[in-house]
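Below is one structure, written out as structure tokens; the observations come after it.
In each ligand, atom 1 is the first atom listed, and ligand 1 is the first ligand listed.
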Amino acid sequence: MPIAKLGEPLVVVDSVNKHYGDLHVLKDINTTVTRGEVVVVIGPSGSGKSTLCRAINRLETIDSGTITIDGKKLPEEGADLARLRADVGMVFQSFNLFAHKTVLENITLAPIKVKKMSKKDATERAMTLLERVGVANQAHKMPAQLSGGQQQRVAIARSLAMSPKLILMDEPTSALDPEMINEVLDVMVGLAKEGMTMIVVTHEMGFARKAADRVLFMAEGEIVEEATPEMFFSHPKSERAQDFLSKIL
Ligand code: ADP
Ligand code: MG
């Protein structure tokens with residue numbers, strides 16, 4: 001039974017290898033993410049999840065193999081790289097908002113600079129996005145005046161402002177106080193339901209069950225298992241996955 005959604009491939013990771021010195025952090029990684037698919041990446045700390053995300057966004061170089069996004073091979077540098085970054089949204093564990101800009105400016109900055117949108121259009125769109133993630137009433141505050149959950153929702157709105165083809169999220173709720181996790185997960189589930197293509201590193205199994213089409217389990221730089229959430233959580237095949245799940249569930 002095919003587990004990928006039918007549709008065209010949006011991200012193709014083909015035989016990717018990456019080393020940090022002697023450490024082989026990505027070992028012959030192969031996977032394809034189709035348009036509209038939601039892929040959850042889980043695995044022990046140090047297994048290469050963040051490195052894989054950063055490679056897909058070209059924040060890290062790779063040693064061999066290829067990564068293709070929407071039919072285009074990842075560029076090395078220059079204007080093509082800026083275009084790629086506009087296509088791929090990234091949400092980090094540590095919000096990464098611009099501290100000296102208001103919430104609204106955080107969102108309008110890239111559309112105005114990179115997409116040459118008018119300030120008026122960018123502001124209108126930003127307000128719509130802030131509304132959607134439930135923080136429109138905070139638009140004129142500085143990031144530090146917001147709670148962690150609110151800041152992360154602003155970060156999601158900021159990535160949406162560029163109309164990306166894909167959003168990568170690396171442990172987007174790991175730095176949040178427990179009572180704020182759900183407000184961010186709800187936004188993520190909403191995005192998934194609307195058909196956004198997402199690669200999400202998270203240990204939030206509720207999100208994986210609700211929203212993921214596929215779970216990738218990584219250990220020691222390899223994709224050890226790839227399955228639907230139902231299959232993965234009820235019948236993990238490998239000993240490493242069984243062991244990992246026994247510790248987190
Ligand atoms: P994960 O996100 O699954 O916890 P990472 O991708 O962050 O794993 O890291 C994979 C391995 O690569 C770890 O052993 C980590 O210590 C190492 N690593 C990550 N970034 C660097 C770096 N910039 N330089 C050297 N080693 C790194
Ligand atoms: Mg990580």
Side-chain angles (χ1 to χ4, degrees), residues 11-33 38-67 69 74 76-77 81 84-85 88-97 148-149 151-152 155-156 159 166-178 180-181 184-185 188 197-208 211-212 214-227 229 232-233 236-249:
V11 183
V12 180
V13 179
D14 185 14
S15 311
V16 165
N17 283 280
K18 163 93 185 163
H19 296 77
Y20 285 119
D22 290 340
L23 188 66
H24 197 173
V25 281
L26 295 178
K27 297 175 185 162
D28 197 38
I29 299 288
N30 291 282
T31 193
T32 297
V33 180
V38 178
V39 175
V40 161
V41 182
I42 71 172
S45 174
S47 56
K49 306 179 299 293
S50 294
T51 305
L52 179 61
C53 280
R54 294 169 59 79
I56 291 173
N57 200 14
R58 193 41 194 83
L59 291 168
E60 289 287 353
T61 55
I62 52 177
D63 301 338
S64 64
T66 55
I67 299 176
I69 295 179
L74 284 198
E76 295 296 321
E77 58 197 6
L81 188 56
L84 164 89
R85 295 258 166 80
V88 182
M90 180 101 192
V91 174
F92 301 88
Q93 180 174 335
S94 54
F95 331 138
N96 287 22
L97 296 175
Q151 288 188 54
Q152 193 59 307
I156 293 173
S159 74
L166 162 76
I167 294 193
L168 295 165
M169 298 190 177
D170 191 1
E171 304 207 29
T173 60
S174 302
L176 297 174
D177 291 333
M180 290 171 191
I181 290 176
V184 174
L185 290 177
M188 292 163 57
T197 310
M198 299 165 77
I199 299 176
V200 184
V201 179
T202 184
H203 293 156
E204 290 292 334
M205 298 305 132
F207 174 78
R214 183 153 52 109
V215 172
L216 292 187
F217 173 72
M218 288 184 72
E220 294 166 51
E222 288 175 85
I223 296 180
V224 177
E225 251 178 273
E226 216 177 324
F232 181 73
F233 293 121
K237 286 196 217 104
S238 63
E239 212 166 287
R240 282 189 285 188
Q242 289 163 9
D243 181 54
F244 177 74
L245 287 172
S246 73
K247 286 175 185 147
I248 63 160
L249 291 181

Which residue and non-hydrogen atom of the protein lie closest to [atom], and at what distance in Å?
atom                    : answer
atom 24 (N) of ligand 1 : Tyr20 CD2, 3.5 Å
atom 9 (O) of ligand 1  : Thr51 OG1, 3.8 Å
atom 7 (O) of ligand 1  : Ser50 CB, 3.6 Å
atom 10 (C) of ligand 1 : Gly46 O, 3.4 Å
atom 3 (O) of ligand 1  : Lys49 NZ, 2.7 Å

Can you give me the closest heavy-atom contact between [X] and [Y], atom names plus distance?
X      : Y      : answer
Ala241 : Glu225 : CB-OE1, 3.2 Å
Ser47  : Ala219 : CB-CA, 3.7 Å
Val215 : Pro229 : CG2-CA, 3.8 Å
Met198 : Met169 : CE-CE, 4.0 Å
Gly221 : Ile29  : O-CD1, 3.4 Å
Ala55  : Leu74  : O-CD1, 3.2 Å

Hey, which atoms in ligand 1 end up nearer than 4.0 Å to a heavy atom of [X]?
X     : value
Ser47 : 1 (P), 3 (O), 8 (O)
Val25 : 10 (C), 11 (C), 12 (O)
Pro44 : 3 (O)

task: Give a yes/no on ligand 1: does Gly43 have at least one heavy atom closer than 4.0 angstrom to it?
output: no
message: Any atom of ligand 1 sitting under 4.0 Å from a heavy atom of Gly21?
response: no
query: To the nearest 0.5 Å, how far apart are CZ in Phe244 and OG in Ser238?
result: 11.0 Å
- prompt: Of Leu26, Asp63, Val25, which meets side chain to side chain contact (heavy atoms under 4.5 Å, CB included) against His19?
  reply: Asp63
- request: Pick out which of Thr197, Ile56, Leu168 makes a side chain to side chain contact (heavy atoms under 4.5 Å, CB included) with Val11.
  value: Ile56
query: Does the protein put any heavy atom within less than 4.0 Å of atom 22 (C) of ligand 1?
result: yes
message: If we count only non-hydrogen protein atoms and require a distance under 4.0 Å, does atom 16 (O) of ligand 1 qualify as touching the protein?
response: no
query: Between Leu216 and Lys49, is any pair of side-chain heavy atoms under 4.5 Å apart?
result: no
- prompt: Counting backbone and side chain alike, does Gln93 bring an N/O/S atom below 2.8 Å of the Mg ion (ligand 2)?
  reply: no
N or O pair under 3.5 Å between [X] and ligand 1:
X     : value
Gly48 : yes
Leu23 : no
Glu60 : no

